[in-house]
Amino acid sequence: MNNNFQTQFNPYQQNIAILKSYFRKPRLLTQGILYIASIVLSIASIFIMMPVMNEYINAIINMPQFKADMSATEFGFFSTFMSAYTNIVMTASIIPSVILMALTAAAFLIIYFKSKNNDPSSNPKAGVTILYVLSIIQLIPVIFMCLILALCIILLIIVAIVTNFDSYAQDDSYFLGIMAAIYTVVFGGMGAIFILYFINQVRYYKSILNGLSTVTLSHKGAGIYGVFSIIYGVYVIFNGLSSFAVVPMFNAMAGAVPEMAFMTDLVEIISPVITFSAITSALSGAISIMNAVIALGYKNHIKNITDGFGDISTEQSAVMPVASAPYTAQQQVSTPASPQSFQIPRCPQCNANVKADDIFCNTCGYKLK
């Protein structure tokens, strides 16, 4: 190994420098902090929401209509079982999400701090790899759920067709046909949107990985992923704020229908849960919108690099893109020029031609600035 080299040779060093110049922006650090805040809220929900939900369940099962047909022993067992079941379900649903959020937060922080480091050997690839793997993990259950949904719609259509041959059940056939059409439009459309969102999330992180380890820079999937992230973030925030309407709605129902007066006490019990859920939803929406800001910003950053370089002279012979994206290191322009017309900058390490604003030499990886 030649110890005279400042850094180990890396033919993609300029690509890495281009990507690091974007990923060192504070928005990456902000996203990592938002995920950490979400982890804290999720863990806090175990201690805040569980006692409230246990109190809520006990209030329900203590109603006369539930206790009437139970002995004291049966009621005690049922009450204990429901409390334990609620605690197990809530814990089991929170732990996987905390793990995923912790990995995602770590990934964004790795990308940010690796990009802030000016050492050419500092590469944010590890953080991007984590995000890429997590995006695939998220895509798999979405595809599985959409397949199950498609199967249910197909079965509903088959039942509607078979029922149509029965003269006594033709009305049911029409009803089933209408239901199949509604399910296809509503749930089929939602499934398509979710698949489109997660597929483009995978493409987006894959394009970043390619830029860090190959000669290609592209922004595949970043635009669509960013747009859908904005839509989802706004929806989550709106959904969280709308939960505050639950309390006045149930109080109004209890006042209008005497038989539902018991709901006033139940709503009072779960009001802390409603407030906590609204805060959690607002944070989740903020995370989704920040994902959009990062993705769309990445797209613009790469477009600014890869667009508008159709006329390049030999003075610009370092690895630069041509007009058609994605850009590759092989797309170098060799326009003849007079040696007397300009002085070509050279690398002090290997004497190869470089561009005046290059950060690294493309031949030996020497840091020029």
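- To the nearest 0.5 Å, atoms CG (L41) and CD1 (I36) are separated by 12.5 Å.
- Aromatic ring centres of F23 and Y112 lie farther apart than the 6.0 Å criterion allows.
- A donor-acceptor distance shorter than 3.5 angstrom exists from the side chain of R24 to the backbone of S115, with no hydrogens or angles considered.
- The two residues K20 and D119 come nearest to each other via the heavy atoms NZ-O, 3.2 Å.
- Interatomic distance, CE of M101 versus CD1 of I43, reported as 8.0 Å (0.5 Å rounding).
- Side-chain atoms of K25 never come within 3.5 Å of backbone atoms of I294 as a donor-acceptor pair (strictly under, hydrogens ignored).
- At most 12 heavy atoms of other shown residues, nucleotides or ligands fall within 6.0 angstrom of atom CZ in F194.
- Hydrophobic cluster membership differs between F144 and V142, with clusters built from Ile, Leu, Val, Met, Phe, Trp and Tyr side chains linked at under 4.5 angstrom.
- At least one donor-acceptor pair under 3.5 Å links the side chain of S207 to the backbone N or O of Y204.
- The CG atom of L34 sits 11.0 Å away from the CD1 atom of I39 when rounded to the nearest 0.5 Å.
- Side chain of N304 to main chain of N300: a donor-acceptor pair is present (N/O by atom type, distance under 3.5 Å, no hydrogens or angles).
- For Y225 and F198, the distance between ring centers is not under 6.0 angstrom.
- The closest side-chain donor-acceptor pair between R27 and Y22 falls under 3.5 angstrom.
- Two residues are said to be in side-chain contact when any heavy atoms from C-beta on lie closer than 4.5 Å; L296 and I230 meet this criterion.
- A donor-acceptor distance shorter than 3.5 angstrom exists from the side chain of S135 to the backbone of Y132, with no hydrogens or angles considered.
- Pairing each heavy atom of S281 with each of G240, the nearest pair is CB-CA, 3.6 Å.
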Requested in this report: Dump the intermediate steps for side chain to side chain contact (heavy atoms under 4.5 Å, CB included) on N200 and F228, then the final yes or no.
Outcome: CA-CA 10 Å; N200 279 281; F228 278 110; 5.7 Å; no

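- Transitive grouping of hydrophobic side chains (ILVMFWY, heavy atoms separated by less than 4.5 Å) brings I193 and L147 into a common cluster.
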Query - Intermediate values then yes/no, side chain to side chain contact (heavy atoms under 4.5 Å, CB included), N210 and S218 - result: CA-CA 8 Å; N210 287 339; S218 69; 5.6 Å; no

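- The shortest non-hydrogen separation linking G226 to A292 is O-CB, 3.1 Å.
- Proximity of a side-chain donor or acceptor of N15 to a complementary backbone N or O of T214 within less than 3.5 Å is detected.
- Within the 4.5 Å cutoff, the side chain of I95 has heavy atoms near those of the I99 side chain.
- Within 6.0 Å of atom OH in Y232, 12 or fewer heavy atoms from other residues, nucleotides or ligands are found, so the atom counts as exposed in its surroundings.
- The hydrophobic clustering, which links ILVMFWY residues whose side-chain heavy atoms are closer than 4.5 Å, places F276 and V40 apart.
- Atom CG of L19 sits about 5.5 Å away from atom CG of L217, to the nearest 0.5 Å.
- A donor-acceptor pair under 3.5 Å links the side-chain atoms of S122 to the main chain of K114, judged by distance alone.
- Between L28 and F108, the closest heavy-atom pair is CD1-CD2, 3.4 Å.
- Looking only at side-chain heavy atoms (C-beta outward), Y197 and S229 come within less than 4.5 Å of each other.
- Side chain of H219 to backbone of H301: no donor-acceptor contact under 3.5 angstrom is found.
- Looking only at side-chain heavy atoms (C-beta outward), F113 and N117 stay at 4.5 Å or farther from each other.
- I94 approaches S45 most closely through the heavy-atom pair CD1-OG, 3.2 Å.
- Under the 4.5 Å side-chain heavy-atom criterion for Ile, Leu, Val, Met, Phe, Trp and Tyr, L212 and V133 are members of distinct hydrophobic clusters.
- Atom OG of S284 sits about 12.0 Å away from atom OH of Y235, to the nearest 0.5 Å.
- Checking side-chain atoms of Q31 against main-chain N and O of M290 turns up no donor-acceptor pair under 3.5 Å.
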**Report entry** From CA spacing to verdict: side chain to side chain contact (heavy atoms under 4.5 Å, CB included), I237, I289
**Finding:** CA-CA 10 Å; I237 293 174; I289 292 174; 4.0 Å; yes

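- Closest approach of Y35 and A105 over heavy atoms only: CB-CB, 3.6 Å.
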Requested in this report: Let me see the working for I111 and L131 under side chain to side chain contact (heavy atoms under 4.5 Å, CB included), right down to the final yes or no.
Outcome: CA-CA 10 Å; I111 295 171; L131 294 178; 3.7 Å; yes

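- The distance from atom CG of L134 to atom OG1 of T104, rounded to the nearest 0.5 Å, is 5.0 Å.
- The closest donor-acceptor contact from the side chain of K206 to the backbone of K220 lies at 3.5 Å or more, if one exists at all.
- Residues I130 and L139 do not share a hydrophobic cluster, clusters being chains of Ile/Leu/Val/Met/Phe/Trp/Tyr side chains in contact below 4.5 Å.
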